[in-house]
Amino acid sequence: MEAIRQHKGLVYALNRTNIDTDQIIPKQFLKRIERTGFGQFLFYHWRFNDDGTLNQEFSMNNPKYEGASILLTGENFGCGSSREHAPWALADYGFKVIIAPSFADIFYNNALKNGIILIKSDEEQINTWQAKAENEELHLEVDLEEQTIKDNDGTVVNFDIPSYHKEKLINGWDDIALTLLLEEKITTFENQKA
Amino acid sequence: MGKPKTIIEKVWEQHVVHREEGKPDLLYIDQHLVHEVTSPQAFEGLRLANRKVRRPDLTYATMDHNVPTKNREVVKDEISRQQMETLRKNCEEFGIKLADMFHPDQGIVHVIGPQLGLTQPGKTIVCGDSHTSTHGAFGAIAFGIGTSEVEHVLATQTIWQDRPKTMNVKVEGDLGPGVTAKDLILAIIAKFGVRFGTGYIMEYTGDAIRKLTMEERMTICNMSIEGGARAGLISPDDTTIEFLRGREYVPKGEEFEKVSQEWLALATDEGAEYDHTVVIDASEVEPQVTWGTNPSMGVPVSGATPRISESDNADEVKRALEYMGLEENQPITSIEIDHVFIGSCTNSRLSDLRKAAKIVEGRKVKDHVKAIVVPGSFSVKLQAEAEGIDKIFKEAGFEWRDSGCSMCLGMNDDIVPPGGRCASTSNRNFEGRQGNRARTHLVSPEMAAAAAVEGRFVDVRHYAGVLN
């Protein structure tokens, strides 16, 4: 996993609650056996019409959001299926940071494993940013080490993130390698159980 | 005697391999279930890092998500075929037992685990599928994981998990005649929403839960994730023990009696405290039908779709009604359907098929309705055929298929066409779930069967034979 300490980017605001992983990446794209190449299918049935042309009514297709790397969205983002294809699609498309009032449990872990910074923020703050993103153009600067977010105006807000998650993201640690350092304990546990 | 504990705390504590302040716990996993869709990248990761599967003996694989449910010999979809072939090769290379498409033990992973007795009280069970919560019906801590976590469990037989908060979902009173476990869990989610369980493991308690059969308990626990909880469970009791007795992977003879006592001792202690409790009165639950695009958007069959202006989440309701092609305040019994799906890890077990068959017996599926029954496993299919259930369905006009996930998520050919409307016994009514622009209404097997006959939703309790 790639280490990530800071990220500065353009914000795309998708103002919907309970966005499930079936919307993030529909099932017909889960048949690949690689981890890569899922970005083209992100929000597929929202982004594209049935004939494959761009759905101009879907906000993400507005040229002003081109190159967006920070997703601002509603409650319970990533609910539903455990498919890791969802964070693979988001990361492959270019999203490095997702800000929402809350995330679904399985999605949270899956995104973390892929180096995406998930930030829980209160709804009032999100509404403020959302208005800016929609009416003007919002760039945010996320500093994971300092746990701060700075917007275009220079306003800085703090955010919380479990220290363990922060440490993992900053160091880009491979979970399995870390766990295998504890292999002796696993073996002891197995022997006691047997 | 120490402080009274919930079963959640007991099972969790028994599996902590390593604990450090400020970090998640490293939990040991007793049973890892694997299927073709969420595992290929995990095995590839092992190969790249030159790692082995630590405990192939605690790992069991099957093919369910994209297997065809008819004409299985020819998988026309090249990518699906490749995904299944990849699983076969991976299982061979890493020494994992596999029930492939033609194996007598094949079936939906959450149907075969309990059927084989791999699912047992007190176990920690994971699978790269969110409906792993199903196995909680036995008093196991069972939850869905992503592919990176699948790889982690394959390599280490452990997983890092934040200690969950505990929730008591207390079901008071009794379910009325003709009201099912599916109606109860849909009513729970309609009442408390799709995220009330986030961060929690739920335990379902109360007399109404105790009276449920194991298959009904599986239906309840299966949909815990639709309320936001990764895991939901039920304390084991005699019903649990009797279900497991004699199954292939459970101990036999005296050993079984001994382990049964250990299992029963896992039940939540009298006076144990939960972090949170919610209460629902089962006697008030009616047969349920969802009208919207998430599982909490449901009402009793006697009800109607909501009025947008009276909803707290007006935007979401408006979007959902639009997607579903419904009016606000539209009576549920006025909704006409053109597809019926009886199947999925929620409702494809023998008792589900028996109950649905009882409704359709001697009746006919409405002309324009395409109705399919997909048994949860090959074994369920054979048992149903031995009882003549397949004939009842076929005579009524249903298609009788081979086992798999099928139209619950439409990864194979079993898809609802754009604009189609399906009465489905599955667990998710998300946009596009059963097919692009398909509209899904979640119901019990009995309600789905009645909808097939009527071509619209009706209160199945009015059918002869349901209320006795």
Side-chain angles (χ1 to χ4, degrees), chain A residues 1 15-18 20-23 26-28 30-36 44-46 50 74-76 79-88 102-114 162-165 167-168 174-180 182-183 185-186 188-190 193, chain B residues 17-18 22-24 26 28 37-38 40-41 44-45 49 51 54-55 65-66 77 79-80 82-83 86 128-130 132 143-152 155-158 160 162 194-195 198-199 225-226 228-230 294 313 315-316 319 409-411 418 428 430-433 436-437:
Chain A
M1 188 173 98
N15 179 24
R16 292 182 188 181
T17 51
N18 300 316
D20 57 79
T21 53
D22 273 81
Q23 307 319 312
K27 72 311 195 84
Q28 64 268 37
L30 308 184
K31 295 175 186 173
R32 299 160 67 94
I33 55 174
E34 302 87 21
R35 276 176 204 257
T36 51
Y44 191 83
H45 290 305
W46 289 349
D50 286 0
E75 288 265 19
N76 201 26
C79 59
S81 154
S82 65
R83 58 189 72 165
E84 196 163 318
H85 311 68
W88 291 338
S102 64
F103 298 93
D105 286 344
I106 304 179
F107 176 82
Y108 188 93
N109 282 0
N110 285 345
L112 190 69
K113 300 261 185 193
N114 288 280
S163 58
Y164 173 73
H165 295 162
E167 206 180 3
K168 260 181 55 172
D174 168 15
D175 256 0
I176 298 178
L178 280 186
T179 306
L180 288 175
L182 296 166
E183 194 169 6
K185 285 192 93 164
I186 300 173
T188 309
F189 184 92
E190 283 175 334
K193 221 176 142 72
Chain B
V17 173
H18 179 78
K23 286 190 179 179
L26 186 65
Y28 197 78
V37 176
T38 56
Q41 296 87 350
E44 186 59 20
R51 289 176 176 136
R54 182 178 177 89
R55 294 295 299 268
H65 277 64
N66 54 34
D77 179 353
I79 319 177
S80 288
Q82 196 195 356
Q83 205 167 49
T86 303
D129 187 280
S130 60
T132 307
F143 52 93
I145 58 178
T147 299
S148 296
E149 291 175 318
V150 169
E151 184 180 340
H152 191 280
T156 68
Q157 205 55 35
T158 62
W160 294 100
D162 286 319
V194 288
R195 50 181 185 264
T198 305
I225 183 67
E226 311 314 333
R230 296 184 80 163
N294 78 44
N313 49 346
D315 284 355
E316 211 180 352
R319 266 182 53 82
L409 84 168
M411 277 195 74
R428 287 190 175 133
F430 296 151
E431 286 182 32
R433 174 80 179 177
N436 181 27
R437 291 199 285 111

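Because the structure is predicted, anything quoted here is derived from the model rather than measured. Letters go in sequence order (proteins before strands), and every chain restarts at 1.
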Please classify the contact between Ile145(B) and chain A as side chain, backbone, both or neither, with a heavy-atom cut-off of under 4.5 Å. backbone

Looking only at side-chain N and O atoms, does Glu431(B) offer a donor or acceptor that is under 3.5 Å from a partner on Trp46(A)? yes

In Å, rounded to the nearest 0.5 Å, how long is the span from NZ of Lys185(A) to OG1 of Thr158(B)? 12.0 Å

The interface call for Tyr44(A) against chain B, heavy-atom contacts under 4.5 Å, is neither

Thr86(B) versus chain A, the contacting section by heavy-atom distance below 4.5 Å: side chain

Which portion of Arg428(B) sits near chain A, non-hydrogen atoms under 4.5 angstrom: side chain

Which bit of Ala177(A) is near chain B, if near means a heavy-atom gap under 4.5 Å: side chain, backbone, both or neither? both

Mind listing the closest non-hydrogen atom pair of Gly228(B) and Asp105(A) along with its distance? O-OD2, 3.9 Å

Per-residue tally against chain B (heavy atom, under 4.5 Å) across Phe107(A), Phe103(A), Trp88(A), Tyr108(A) peaks at Trp88(A)

Is the backbone N or O of Leu409(B) less than 3.5 Å from a side-chain atom of Lys27(A), with the two atoms forming a donor-acceptor pair by type? yes

Going by atom types only, do Asp50(A) and Asn436(B) share a side-chain donor-acceptor pair under 3.5 Å? yes

Taking only Lys NZ, Arg NE, NH1 and NH2, and the carboxylate oxygens of Asp or Glu, determine whether Glu167(A) and Lys23(B) approach each other closer than 4.0 Å. no

Please classify the contact between Leu182(A) and chain B as side chain, backbone, both or neither, with a heavy-atom cut-off of under 4.5 Å. side chain

Heavy-atom cut-off 4.5 Å, strictly under: side chain, backbone, both or neither for Glu316(B) against chain A? side chain

Any idea which of Gln157(B), Gln82(B), Glu149(B) has the most non-hydrogen atom pairs under 4.5 angstrom with chain A? Glu149(B)

Quick check on the interface: out of Gln28(A), Lys193(A), Arg83(A), who has the most heavy-atom pairs with chain B under 4.5 Å? Lys193(A)

Is it true that Glu151(B) and Arg35(A) have a side-chain N and a carboxylate O under 4.0 angstrom from each other? yes

In plain terms, say whether Asp77(B) and Lys31(A) are close enough for a salt bridge, that is, a side-chain N and a carboxylate O under 4.0 Å apart. yes

